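Everything quoted here is computed from the prediction, not taken from an experiment.
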Amino acid sequence: MLEGLIDTARYAPSAANCQAQQYVVVTDPDALRRLRERIETYYRTFAAALADREAREARLARLGLDVEAATHPHVLAAVPAFVKAVDAGRDRLFFDAPAVVVIHADPQEVMPGAACAFAALTIVLMAEAHQLGTCITGYASDALRVLPDVRHWLGVPEEN
């Protein structure tokens, strides 16, 4: 089923018809757990930085975050709420999904972000057509942007 969804996503609209997107599919339960734990650890660090009003900007910068974006009112509420839910034992990242699909692209391609977004949307729509639940998780996307060790572990090229 996953192969079919991804195969369909290959035909999603993309700039100049480049199909720049690439896919990493994680289905191993241990790998899913490790991925979730690493991202959750990142968000605990992010939440701690947000809570430190005296050194907030420096701590956020050390995390590789844009301070203005990281202190947006939505983020100020969402990140601590995410960590609180995780600490209560809820999987607020992958919602106990049996698979995670990471979509990435070479930044030198034509509009790689759009290609990835259209591919993700295509997967969501096709999964819905097959009565499968899906979720595009911004928490994972944002964390992967600043966690090169996790991208490397997943096999995502450094520049993507």
Side-chain angles (χ1 to χ4, degrees), residues 1-2 5-6 9 12 21-105 107 112-128 130-160:
M1 181 60 73
L2 281 171
L5 294 174
I6 291 169
Q21 66 275 14
Q22 300 169 41
Y23 307 87
V24 175
V25 179
V26 183
T27 57
D28 176 73
D30 188 51
L32 285 167
R33 178 190 53 75
R34 288 191 324 229
L35 179 60
R36 185 181 63 252
E37 288 174 354
R38 178 62 179 94
I39 293 171
E40 289 170 352
T41 297
Y42 162 76
Y43 277 104
R44 283 189 184 89
T45 304
F46 189 170
L50 289 175
D52 183 354
R53 296 190 190 263
E54 291 181 20
R56 177 187 288 171
E57 290 187 15
R59 289 179 71 175
L60 292 171
R62 281 195 303 273
L63 288 172
L65 298 171
D66 174 85
V67 173
E68 185 175 342
T71 56
H72 184 279
H74 175 79
V75 175
L76 289 172
V79 169
F82 173 82
V83 171
K84 184 177 180 180
V86 166
D87 289 344
R90 295 192 310 265
D91 179 4
R92 300 300 298 167
L93 191 61
F94 302 138
F95 299 90
D96 300 317
V100 169
V101 178
V102 176
I103 305 171
H104 61 96
C116 293
F118 294 151
L121 180 59
T122 299
I123 289 172
V124 166
L125 294 173
M126 289 304 297
E128 178 67 24
H130 291 285
Q131 299 180 332
L132 298 173
T134 62
C135 176
I136 297 174
T137 175
Y139 285 113
S141 297
D142 286 348
L144 289 173
R145 283 187 190 94
V146 296
L147 296 173
D149 61 315
V150 178
R151 290 194 315 271
H152 176 76
W153 174 71
L154 289 169
V156 175
E158 185 176 330
E159 63 278 3
N160 289 17

Is there a donor-acceptor pair closer than 3.5 Å between any side-chain N or O of Tyr139 and the backbone N or O of Tyr43?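 The answer is no, because no donor-acceptor pair under 3.5 Å joins these two groups.
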
Of the non-hydrogen atoms in [X] and [Y], which two are nearest, and what is the gap between them?
X      : Y      : result
Ala9   : Gln21  : O-NE2, 3.3 Å
Val146 : Leu65  : CG1-CD2, 4.2 Å
Pro112 : Pro107 : CG-CA, 3.8 Å
Val75  : Ala69  : CG2-O, 3.6 Å
Leu2   : Ala99  : CD1-CB, 3.6 Å
Pro80  : Ala47  : CA-CB, 4.5 Å

Just wondering, do [Y] and [X] contact through their side chains at under 4.5 Å, heavy atoms?
X      : Y      : result
Thr27  : Leu32  : no
Leu60  : Asp66  : no
Trp153 : Arg38  : no
Arg151 : Val102 : no

Enclosure of [X] [atom1] (heavy-atom neighbours >12, cutoff 6.0 Å):
X      : atom1 : value
Glu54  : CD    : no
His130 : NE2   : yes
Tyr42  : OH    : yes

Could you measure the distance from the [atom1] atom of [X] to the [atom2] atom of [Y]? Nearest 0.5 Å is fine.
X     : Y     : atom1 : atom2 : answer
Arg34 : Asp28 : CZ    : CG    : 7.0 Å
Thr45 : Glu40 : OG1   : CD    : 12.0 Å
Arg44 : Phe82 : CZ    : CZ    : 8.5 Å

Of Leu154, Leu144, Asn160, which meets side chain to side chain contact (heavy atoms under 4.5 Å, CB included) against His104?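 Only one option passes, and that is Asn160.
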
Applying side chain to side chain contact (heavy atoms under 4.5 Å, CB included) between Thr137 and each of Asp142, Leu93, Val100, report the one that passes.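 With Thr137 as partner, side chain to side chain contact (heavy atoms under 4.5 Å, CB included) holds for just one option, Leu93.
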
Apply salt bridge (charged side-chain N to carboxylate O under 4.0 Å, His left out) to Arg90 and list each qualifying residue two or more places apart in sequence or on a separate chain.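 Per chain and number, Arg90 pairs via salt bridge (charged side-chain N to carboxylate O under 4.0 Å, His left out) with no residue.
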
Would Glu128 and Leu125 satisfy side-chain contact (heavy atoms from CB on, under 4.5 Å), going step by step from the backbone distance to the final call? CA-CA 5 Å; Glu128 178 67 24; Leu125 294 173; 5.7 Å; no

Thinking salt bridges, do Lys84 and Asp87 make one under a 4.0 Å N-O criterion?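 A salt bridge is absent here (no side-chain N lies under 4.0 Å from a carboxylate O).
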
Kindly indicate, with the supporting measurements, whether the criterion side-chain contact (heavy atoms from CB on, under 4.5 Å) is fulfilled by Ile103 and Ile123. CA-CA 11 Å; Ile103 305 171; Ile123 289 172; 4.0 Å; yes

